[in-house]
Protein chains: 2
Amino acid sequence: MKAKKTGRPREFDKNEALSAAMHVFWKQGYDGASMRDLTAAMNISGPSLYGVFGDKRQLFMEAIDFYANRKACKPLEVFETEPNIETAVQKFFFEVIEYSTESVSGAKGCFLSSCVATAAGELEGVEELLKRAILDTDERLARRFELEKARGVLPDNFPSKIRARLMFDLRQGLVFRARAGIEPKFLLADIESNVRIILG
Amino acid sequence: MKAKKTGRPREFDKNEALSAAMHVFWKQGYDGASMRDLTAAMNISGPSLYGVFGDKRQLFMEAIDFYANRKACKPLEVFETEPNIETAVQKFFFEVIEYSTESVSGAKGCFLSSCVATAAGELEGVEELLKRAILDTDERLARRFELEKARGVLPDNFPSKIRARLMFDLRQGLVFRARAGIEPKFLLADIESNVRIILG
DNA sequence: TTTGTTTTATATCAATTGATACAAAATGTT
DNA sequence: AACATTTTGTATCAATTGATATAAAACAAA
């Protein structure tokens with residue numbers, strides 16, 4: 001698959017560098033993240049960055065793709081693997097709160113909503129990537145609901161697509177509040193009512 | 001109230017300038033909006049801007065205050081004045097979709113979520129302003145529900161606060177989707193189900 | 001008119017921005 | 001060994017950034 005290349009071998013892992021870059025963007029925004037901030041966090045030199053990623057915009061686009069397609073967002077993963085649907089919805093929200101409030105990397109909220117959404121206003125091509133990420137997520141969520149309908153757990157008239165969008169939008173509210181510094185305990189308090197709204 | 005001042009009179013309206021600045025921030029983000037972008041849109045010179053607002057950060061903070069406290073956000077206004085509660089909720093979402101998708105100023109989405117939320121990650125004092133704006137909105141929404149309970153329109157056990165947060169979070173989902181370029185017709189399609197979820 | 005005060009306009013500052021030129025270093029190929 | 005290719009590190013570029021110095025302009029008070 002990966003052709004052995006000639007020339008001096010790269011001394012860093014591309015995905016690790018991408019992840020580091022994503023967290024800088026996540027915390028500081030696209031314009032707020034300088035190339036020096038980025039190279040420092042990625043632990044590579046300027047020319048190395050440009051050599052691999054092209055320029056700042058392309059690095060950003062790859063970071064979005066990394067987040068949306070490669071990283072395997074944990075809330076979604078949990079939602080798809082937890083056997084019981086009610087628990088799955090619970091855990092989904094729990095994981096959302098977990099990752100949007102942990103300030104280990106200093107980046108609160110959600111990469112898509114706190115960073116990519118802002119950049120969508122001025123950076124060519126970003127809006128389309130964001131739109132695709134949203135619609136894909138809607139569909140992944142709906143797919144699980146459909147599965148539960150087929151298994152007879154959810155009623156036949158369960159509106160999977162509407163509830164999937166609802167679930168995603170509620171997530172949006174959570175990460176927004178997290179970004180604003182509202183404490184996790186307040187966010188956790190609404191999980192149960194959210195679950196009832198989505199499944200009920 | 002406003003003492004007559006000596007010296008050369010100001011040649012521009014502060015609120016108009018603030019509104020213009022807000023729309024630039026809205027579209028381009030805090031870091032993406034240069035002082036030159038701002039002065040051009042506000043139609044004032046650099047030194048005038050600094051003379052009145054101090055610096056870029058203070059201008060931004062005033063823009064947030066302008067949006068949250070002075071501007072009288074139209075969706076909220078409509079929600080509070082429409083007599084019928086069901087229609088009020090409908091119109092609230094309709095207005096949200098209206099202002100977040102109209103690209104007259106080129107700024108889609110919501111100022112708070114597409115711009116302020118990003119800046120909250122790095123600009124001192126912004127997170128607190130954002131938090132206050134969210135909690136205040138929660139309360140304004142809940143107040144209307146409480147009013148309807150007192151009037152006997154909503155049942156006594158109606159969970160006003162929870163539904164207020166739910167309503168605000170659904171709004172968050174809408175403006176996020178709007179920012180991503182999802183067409184208004186798709187957003188409008190979910191209004192009815194949103195209304196039923198909030199009041200039902 | 002004179003004085004004091006505030007705003008305006010021009011011009012420009014030092015610092016930071018995204019991005020490169022260049023040569024040395026490290027590999028595969030011949 | 002000699003060559004081609006790719007990456008790395010240093011040093012630096014022109015352009016843009018947020019912010020000012022300066023003096024003329026426009027007002028009120030004396």
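To find a chain, count down the sequence lines: A is the first, B the second, and so on, and within it residues start at 1. Bear in mind that the values here come from a model prediction, so they are computed numbers and not experimental data. Every heavy atom of this structure was used, including side-chain atoms; hydrogens, water molecules and symmetry mates were not.
Dashed line: the shortest gap from a side-chain N or O of B:Ser48 to OP1 or OP2 of C:dT8 is under 4.0 Å. An OP1 or OP2 oxygen of D:dT8 is reached within less than 4.0 angstrom by no side-chain nitrogen or oxygen of A:Ser45.
Following rounding to the nearest Å, A:Leu49 (CG) and C:dT20 (C1') show an atom-to-atom distance of 13 Å. Rounded to whole Å, the distance from CG on B:Asp31 to P on D:dG18 is 8 Å. We find that CE of B:Met35 is positioned 16 Å from C1' of C:dT12, with the value rounded to whole Å. Rounded to a whole Å, the CD atom of B:Glu11 is 8 Å from the P atom of D:dA26. Regarding A:Tyr50, its OH atom lies at a distance of 12 Å from the C1' atom of D:dC13, rounded to whole Å. As rounded to whole Å, 17 Å separates atom P of D:dT7 from atom CG of A:Asn43. For B:Gln28 and D:dT17, the CD to C1' distance is 14 Å, given to the nearest whole Å. Rounded to a whole Å, the CZ atom of B:Phe25 is 12 Å from the C1' atom of D:dG18.
Between B:Pro9 and B:Gly54, the one whose closest nucleotide on DNA chain D sits nearer the 5' end is B:Gly54. Two residues, B:Gly7 and B:Arg36, neighbour DNA chain C, and the one matched to the more 5' nucleotide by heavy-atom proximity is B:Gly7.
Ring orientation note: the planes of B:Tyr30 and B:Phe25 are close to parallel, at an angle under 30° on the 30°/60° scale. Aromatic ring pairs are classed by plane angle as parallel below 30°, tilted from 30° to 60° and perpendicular above 60°; the pair B:Phe176 and A:Phe168 is tilted.
Among C:dT10, D:dT8, C:dT27, the nucleotide with an atom closest to any side-chain atom of B:Pro47 is C:dT10. Taking the side chain of B:Thr6 as heavy atoms from C-beta on, and the options D:dC27, D:dT17, C:dT8, the nearest nucleotide is D:dC27. With distances taken from any side-chain atom of A:Phe12 to the nucleotides C:dT8, D:dT8, C:dA19, the minimum falls on D:dT8. Proximity note for B:Lys56 (side chain, C-beta onward) versus D:dG18, C:dG18, D:dC27: the nearest is D:dG18. Considering only side-chain atoms of B:Arg8, the nucleotide from D:dG18, C:dA24, C:dT7 that sits closest is C:dT7. Among C:dA26, C:dT20, D:dA19, the nucleotide with an atom closest to any side-chain atom of B:Asp55 is D:dA19.
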Please test B:Ser34 against B:Asp37 for side chain to side chain donor-acceptor pair (under 3.5 Å), starting from the C-alpha separation and ending with a verdict. CA-CA 5 Å; B:Ser34 73; B:Asp37 293 335; 3.2 Å; yes

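In this structure, B:Lys161 is not positioned above the aromatic face of B:Phe145 in the sense of NZ or CZ being under 6.0 Å from the six-membered ring centre and within 45° of the axis. No cation-pi contact links B:Arg171 to B:Phe92, judged by a cut-off of 6.0 Å to the six-membered ring centre and 45° from its axis.
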